[in-house]
2 protein chains.
Amino acid sequence: MDKEKETVTGQPQARPGNPLQQELIDLLQQASLFSGLDDATVLEVVRRGRLRLFAAGQTVFMQGDPSKGLHVVVHGRVKVYKSSPQGREQTLMIMGPGEPVGEVAALAGDPYPASAETLEPTETFYIMRDAFIDIIRSQPEVALRLLSALSARLRSFASLIEDLSLKGVTERLAVQLLSLAPGCPGEQTVELDISKTELAAAVGTVPETLSRAFQQLARAGALETKGRTVVIKDRSLLQRLAQAK
Amino acid sequence: MDKEKETVTGQPQARPGNPLQQELIDLLQQASLFSGLDDATVLEVVRRGRLRLFAAGQTVFMQGDPSKGLHVVVHGRVKVYKSSPQGREQTLMIMGPGEPVGEVAALAGDPYPASAETLEPTETFYIMRDAFIDIIRSQPEVALRLLSALSARLRSFASLIEDLSLKGVTERLAVQLLSLAPGCPGEQTVELDISKTELAAAVGTVPETLSRAFQQLARAGALETKGRTVVIKDRSLLQRLAQAK
DNA sequence: TGGCGAGCTTGACTTAAATCAAGGTTTGTC
DNA sequence: GACAAACCTTGATTTAAGTCAAGCTCGCCA
């Protein structure tokens with residue numbers, strides 16, 4: 001697996017614009033940022049951006065890099081994270097198809113406040129900063145949608161802060177698992193879509209501690225695990241275990 | 001000091017509109033959310049909101065309350081925080097004059113994701129949700145300003161997450177102190193504008209641990225403290241001590 | 001001015017979680 | 001199908017930070 005990094009300025013691949021434009025328009029209309037806009041507007045957006053391809057594990061941007069534009073994930077997944085000099089990482093969010101990445105930096109023109117890398121082969125639609133600013137200025141609908149995307153993110157950051165500060169690792173893991181499992185009562189099987197090492201970074205801990213947290217939840221009777229498969233045996237118990245320590 | 005709490009629905013005080021309108025317009029034009037707007041627009045905003053007065057330590061809203069509108073701090077300060085059942089608190093941010101409070105909930109119409117209380121006697125300008133939505137729809141400028149306010153907040157939340165997850169208490173305290181002190185080199189005196197107990201909640205710890213963190217910084221020669229006065233003796237050392245543990 | 005109380009500090013102790021080290025398991029590749 | 005490389009788990013140890021319990025300091029009010 002080629003893990004060679006690539007700076008923001010490099011262009012992994014740019015597809016020719018014309019034959020695929022309709023496909024792209026369709027894709028962007030799925031994205032919450034642009035959905036519900038008329039074709040002409042989306043066409044304008046498409047004209048001003050381009051597709052970029054990334055291999056699995058490739059860096060999309062690094063914290064501190066100057067921001068030149070923003071990405072909308074077309075398919076694949078992008079992890080946004082902070083890392084310490086000692087090599088520990090805290091995942092801030094994992095963005096999937098339709099979700100924007102790097103828009104905060106693009107808005108302000110500041111350097112990226114965090115790093116981003118792909119978790120799997122990923123394609124993004126990339127819009128340069130100036131074009132993006134034009135679009136939100138001329139399309140109030142887009143600005144409103146962006147506002148609601150940022151609000152949602154603020155809420156999720158606030159609860160991550162709460163959990164990191166006021167809860168223990170086991171509680172945070174329980175929270176995370178509950179958010180992955182769509183929430184019907186009774187037994188329920190969840191297939192993790194990331195490695196446990198990645199899950200540890202998302203929960204804010206190291207793999208060893210994550211492993212012990214899984215043990216604790218299993219010993220309590222809330223779940224069972226086998227590899228990446230998690231069987232939630234007692235959702236309401238798990239909910240109780242997710243409360244502050 | 002009357003510490004009696006008051007729900008969001010209660011109205012602490014509503015000033016009569018007319019004679020003070022010009023004063024209010026001036027105040028709002030200072031607020032980053034509305035600055036640079038023409039008088040007519042601001043007048044429209046003023047018409048659709050009202051002033052509210054809060055005593056020191058009074059609850060502005062509680063996490064989970066239904067959100068009815070948003071506040072812009074006119075004077076005083078409001079602390080936004082999360083709290084655990086065990087009574088520990090994590091401060092998310094402290095908002096001063098001109099800054100909006102509760103706008104994320106107001107935008108989405110969701111319950112407040114955190115609680116807020118005043119740190120001192122405070123006056124806010126309060127706009128009901130519907131009026132606020134109207135304003136951002138009809139005033140793209142306001143939407144853009146709100147976007148930049150939310151972006152700034154996201155950046156600060158992201159770095160709080162990073163610090164909580166990847167740094168120790170002493171490092172976080174150093175970060176906090178650096179952000180309070182405007183940043184010229186050489187010796188510098190900072191007067192804390194909150195109690196050390198409040199500072200502990202902002203740094204994400206308890207007063208006992210905060211006290212020991214101050215000791216450590218003092219023993220290292222970075223600063224000296226006396227009551228609420230902090231003398232930064234070696235700013236560059238403090239910056240080094242603020243790096244990840 | 002004296003005393004009361006909140007806020008702050010200090011010390012001893014406990015607990016949670018990171019680190020270190022090693023062994024086992026899965027996965028993917030040739 | 002065998003091997004290597006990640007990935008994951010387990011145990012032992014260390015360290016950071018929270019808790020508990022006093023005692024102190026300072027500002028405020030009677």
Side-chain angles (χ1 to χ4, degrees), chain A residues 1-3 55-57 83-90 119-121 163-174 191-220 223-230 241 243-245, chain B residues 1-3 56-57 83-90 119-120 163-174 191-220 223-230 241 243-245:
Chain A
M1 184 97 329
D2 181 28
K3 251 209 151 192
S83 55
S84 78
Q86 283 68 27
R88 269 193 62 200
E89 286 185 3
Q90 170 68 54
L119 291 174
E120 53 195 86
D163 292 349
L164 285 171
S165 182
L166 305 174
K167 290 180 177 172
V169 169
T170 309
E171 290 79 22
R172 296 206 292 274
L173 174 59
E191 190 70 19
L192 296 179
D193 56 0
I194 51 178
S195 73
K196 288 191 178 168
T197 301
E198 286 293 350
L199 183 57
V203 166
T205 186
V206 293
E208 295 95 317
T209 302
L210 184 79
S211 182
R212 297 186 235 268
F214 263 118
Q215 271 180 38
Q216 253 187 271
L217 295 177
R219 229 179 304 117
L223 53 76
E224 280 171 14
T225 61
K226 171 132 200 333
R228 286 195 178 184
T229 308
V230 178
L241 293 171
Q243 307 300 328
K245 61 172 151 192
Chain B
M1 185 98 328
D2 181 27
K3 251 209 151 191
S83 55
S84 79
Q86 282 68 29
R88 270 194 61 200
E89 287 185 1
Q90 170 68 54
L119 292 175
E120 52 195 85
D163 293 349
L164 284 171
S165 181
L166 305 174
K167 290 180 177 174
V169 170
T170 309
E171 290 79 21
R172 295 206 292 275
L173 173 58
E191 190 69 19
L192 297 177
D193 56 0
I194 51 177
S195 73
K196 287 191 179 168
T197 301
E198 285 294 350
L199 183 57
V203 165
T205 187
V206 294
E208 295 94 320
T209 302
L210 184 80
S211 181
R212 297 185 235 267
F214 264 119
Q215 271 179 36
Q216 252 187 274
L217 295 177
R219 227 178 308 116
L223 53 77
E224 280 172 14
T225 61
K226 173 135 195 354
R228 285 195 179 185
T229 309
V230 178
L241 292 171
Q243 308 300 329
K245 60 174 151 191

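In what follows, every chain begins at residue 1, and chains take the letters A, B, ... in the order their sequences are listed. All values below come from the heavy atoms of this structure, side chains included, with hydrogens, waters and symmetry mates left out.
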What's A:Val169 touching, base or sugar-phosphate or nothing? Going by heavy atoms closer than 4.0 Å.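 It contacts sugar-phosphate atoms only.
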Integer-rounded Å distance: [N] [atom2] and [X] [atom1]:
X        : N      : atom1 : atom2 : value
A:Leu164 : C:dA16 : CG    : P     : 17 Å
A:Leu173 : C:dA16 : CG    : C1'   : 15 Å
B:Leu166 : C:dA17 : CG    : C1'   : 14 Å
A:Arg88  : D:dT15 : CZ    : C1'   : 13 Å
B:Leu199 : C:dG7  : CG    : P     : 14 Å
B:Lys196 : C:dC8  : NZ    : C1'   : 7 Å
A:Phe214 : C:dA17 : CZ    : C1'   : 17 Å
A:Leu192 : C:dT26 : CG    : C1'   : 15 Å

Shortest non-hydrogen contact from [X] toward [Y]:
X        : Y        : result
A:Ser84  : B:Leu166 : N-CD1, 3.7 Å
A:Ala200 : A:Pro207 : CB-N, 3.8 Å
B:Gln243 : B:Glu171 : O-CG, 2.9 Å

Trace of the side-chain contact (heavy atoms from CB on, under 4.5 Å) decision for A:Leu164 with A:Arg172: CA-CA 8 Å; A:Leu164 285 171; A:Arg172 296 206 292 274; 3.7 Å; yes
Could you check B:Leu217, B:Thr205, B:Val203 and say which one makes a side chain to side chain contact (heavy atoms under 4.5 Å, CB included) with B:Thr170?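 For B:Thr170, the side chain to side chain contact (heavy atoms under 4.5 Å, CB included) test succeeds with only one of B:Leu217, B:Thr205, B:Val203, which is B:Leu217.
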Working note: B:Leu210 + B:Leu173, criterion side-chain contact (heavy atoms from CB on, under 4.5 Å); need CA distance, chi angles, decisive distance, verdict. CA-CA 8 Å; B:Leu210 184 80; B:Leu173 173 58; 3.9 Å; yes
5' priority, DNA chain C, between A:Thr170 and B:Glu198 [closest heavy atom]: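 Looking at DNA chain C, the more 5' nearest nucleotide goes with B:Glu198.
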For DNA chain C, whose closest nucleotide is more 5', that of A:Gly227 or that of A:Val206?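 Its nearest nucleotide being more 5', the pick is A:Val206.
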Base D:dT19 to side chain B:Arg212, donor-acceptor N/O within 3.5 Å cut-off: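 For B:Arg212, whose side chain was compared with the base of D:dT19, there is a donor-acceptor pair (under 3.5 Å).
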For a quick check, tell me whether the side chain of A:Glu208 and the base of D:dC8 share a donor-acceptor pair closer than 3.5 Å.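 Result: no qualifying N/O pair found.
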Check this one for me: any side-chain N or O of [X] less than 4.0 Å away from OP1 or OP2 of [N]?
X        : N      : value
A:Thr209 : C:dA17 : no
B:Gln215 : C:dT10 : yes
A:Ser195 : D:dA6  : no
A:Thr197 : D:dC8  : yes

Can B:Lys196 and B:Thr225 be said to form a side-chain contact (heavy atoms from CB on, under 4.5 Å), step by step? CA-CA 11 Å; B:Lys196 287 191 179 168; B:Thr225 61; 4.3 Å; yes
Each stem that DNA chain D is part of, given as range with range (3 or more consecutive Watson-Crick or G-U pairs, under 3.5 Å):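 C:1-22 with D:9-30, C:24-30 with D:1-7 - these are the stems of 3 or more pairs that involve DNA chain D.
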